[in-house]
2 protein chains.
Amino acid sequence: MEKDTKYKAKLDYVESLGMFFETLGLPRMAGRIFAWLLVCDPPHQTAAQIAEALGASRGSLSTNLRLLSHFKMIDKICKRGDRSAYFVCRPDSLIDATANKIRFFDELKKLLQKGIGILEAEPFESADRLKGTYEIYDFLEIELLRALENYYKNFNRDSE
Amino acid sequence: MEKDTKYKAKLDYVESLGMFFETLGLPRMAGRIFAWLLVCDPPHQTAAQIAEALGASRGSLSTNLRLLSHFKMIDKICKRGDRSAYFVCRPDSLIDATANKIRFFDELKKLLQKGIGILEAEPFESADRLKGTYEIYDFLEIELLRALENYYKNFNRDSE
DNA sequence: CTTACATTTCAACCAATACTGAAATTTAAA
DNA sequence: TTTAAATTTCAGTATTGGTTGAAATGTAAG
């Protein structure tokens, strides 16, 4: 009974944590899965175990586990003589998610350059608005990438 | 004819730029409006003018102009003896949008602390996974906020 | 090869959200 | 106060995207 209460509390917690990961741009279920893998025991789980814990369908698990694998937010682990696949989360991947968002600034900058080209011919100051916007993202991107670099340096990470 | 072509190119450009602003978490139409206000001439426009340019309904304009005003991404300007309201974009607001996202890390950190409390009693290492995640966001938040501070310092902004 | 279990795919359903258009309301001029 | 123009509200509609469950496929053991 004690244990049941604790387990339920854990599931509630997974729910709220999952909602947060959803805001990273993931489907809700993918957020839940990642949250579950962050707190479950043992740390590696089969799709069936996760489905059971979250009360979700196998289909949804399959789809979202593939998604999370694709984004390298989880690892898929297989063993000889075992037809189950096991999944583990990679907490570090959250940094990469952030890094990708910052790199996205680059696309915007390109787009703004294009716009400046289009508007420069016009006699109005509209190009200035775009130039101002460009300045903002240019500076922010540099600063934020520097921040990330510090992170990598500080935590002695070796890849990506 | 020349002019029509240019105008159409501008509208296409607004469309792609708008798609970008959508990724900030805005409704698509709000993104379009902000993009339009970034390139239009004159820089201040009535809801009717924007609706005309974007081919959108008045209702949608009303809703999304209110939204953008609420987030301080645009200003609403009224004049005595004129029942129209005029709207102008605030390009600087994009910084604040970024800043708010970073502050959002704070909520996650609180949530992670809560989880660490829940799991600490358990004999497993699951709390360690959460602690690792906490470290990541704690460091990132500090670095990113430092980056923003640099921005404000550099561009001599006076508010927020 | 066959059986048993595990995973993936996919069509149908469902929920969330945005957009429209018309009616109601507000605002300024007559 | 009445009229005209602009804005807001809101019910209905469309669209998007996620989830389910069952059928198909894959995989290891017997």
Side-chain angles (χ1 to χ4, degrees), chain A residues 11 14-15 17-37 40 42 44-71 73-88, chain B residues 11 14-15 17-37 40 42 44-71 73-88:
Chain A
L11 285 180
V14 164
E15 198 59 28
L17 195 53
M19 293 308 89
F20 181 86
F21 292 127
E22 190 187 7
T23 67
L24 258 50
L26 300 172
R28 185 165 299 179
M29 188 60 76
R32 285 196 191 103
I33 293 171
F34 192 80
W36 173 250
L37 288 176
C40 63
H44 45 84
Q45 305 246 318
T46 65
Q49 287 175 306
I50 303 170
E52 159 72 15
L54 301 180
S57 73
R58 294 306 176 80
S60 191
L61 262 286
S62 178
T63 304
N64 288 290
L65 286 170
R66 183 149 36 78
L67 182 75
L68 290 169
S69 292
H70 178 72
F71 288 143
M73 295 182 69
I74 62 176
D75 281 329
K76 184 177 189 174
I77 295 170
C78 298
K79 301 175 184 173
R80 293 194 324 114
D82 184 348
R83 53 197 129 183
S84 292
Y86 297 84
F87 298 91
V88 210
Chain B
L11 285 179
V14 164
E15 197 61 27
L17 195 53
M19 293 308 88
F20 181 85
F21 293 127
E22 188 187 8
T23 67
L24 260 50
L26 298 172
R28 186 163 299 178
M29 189 61 75
R32 284 196 191 102
I33 293 171
F34 192 81
W36 173 250
L37 289 176
C40 62
H44 45 85
Q45 307 246 317
T46 65
Q49 288 176 305
I50 303 170
E52 160 71 14
L54 301 180
S57 71
R58 294 306 177 81
S60 191
L61 262 287
S62 177
T63 305
N64 287 290
L65 286 170
R66 184 150 33 80
L67 182 74
L68 289 169
S69 292
H70 177 72
F71 288 144
M73 296 182 67
I74 62 175
D75 281 330
K76 183 177 190 174
I77 296 170
C78 297
K79 301 174 185 175
R80 292 193 326 114
D82 184 348
R83 51 196 130 184
S84 291
Y86 298 84
F87 297 91
V88 209

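What you see below is based on every heavy atom in this structure, not just the backbone, and it leaves out hydrogens, waters and symmetry mates. Each chain gets a letter, A, B and so on, in the order its sequence line appears, and its residues count up from 1.
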NA contact type, A/R28, heavy-atom cut-off 4.0 Å: base, sugar-phosphate, or nothing?
-> sugar-phosphate
Kindly say whether A/L65 contributes a backbone atom to a donor-acceptor pair with the side chain of A/S69 at under 3.5 angstrom?
-> yes
First and last nucleotide of DNA chain C touching chain B, 5' to 3', heavy-atom cut-off 4.0 Å?
-> C/dA18 to C/dA29
Looking at A/Y86, does the NZ or CZ of A/K79 lie under 6.0 angstrom from its six-membered ring centre and within 45 degrees of the ring axis?
-> yes
Side chains of A/L54 and A/W36: does their closest heavy-atom pair fall under 4.5 Å?
-> yes
For nucleotides 25-30 of chain D, 5' to 3', base contacts (B), sugar-phosphate-only contacts (S) and non-contacts (-) with protein non-hydrogen atoms under 4.0 Å give --BBS-
Want to settle it: does A/R66 or A/S84 sit nearer the 5' end of DNA chain C, counting the closest nucleotide to each?
-> A/S84
Distance-minimising heavy-atom pair for B/V88 and B/L37 | C-CD1, 4.3 Å
Return one dot-bracket line describing DNA chain C 5' to 3' (Watson-Crick or G-U wobble pairs, both distances under 3.5 Å; ( ) same strand, [ ] crossing, | another strand, . none).
-> ||||||||||||||||||||||||||||||
Grab the CG-C1' distance between A/L54 and D/dT20 for me, whole Å please.
-> 15 Å
State, to 0.1 Å, how close B/E22 and B/P27 come at their nearest heavy-atom pair, and which atoms those are.
-> CG-C, 4.4 Å
Starting at atom CZ of B/R58, determine the distance to atom C1' of D/dC10, rounded to an integer number of angstrom.
-> 17 Å
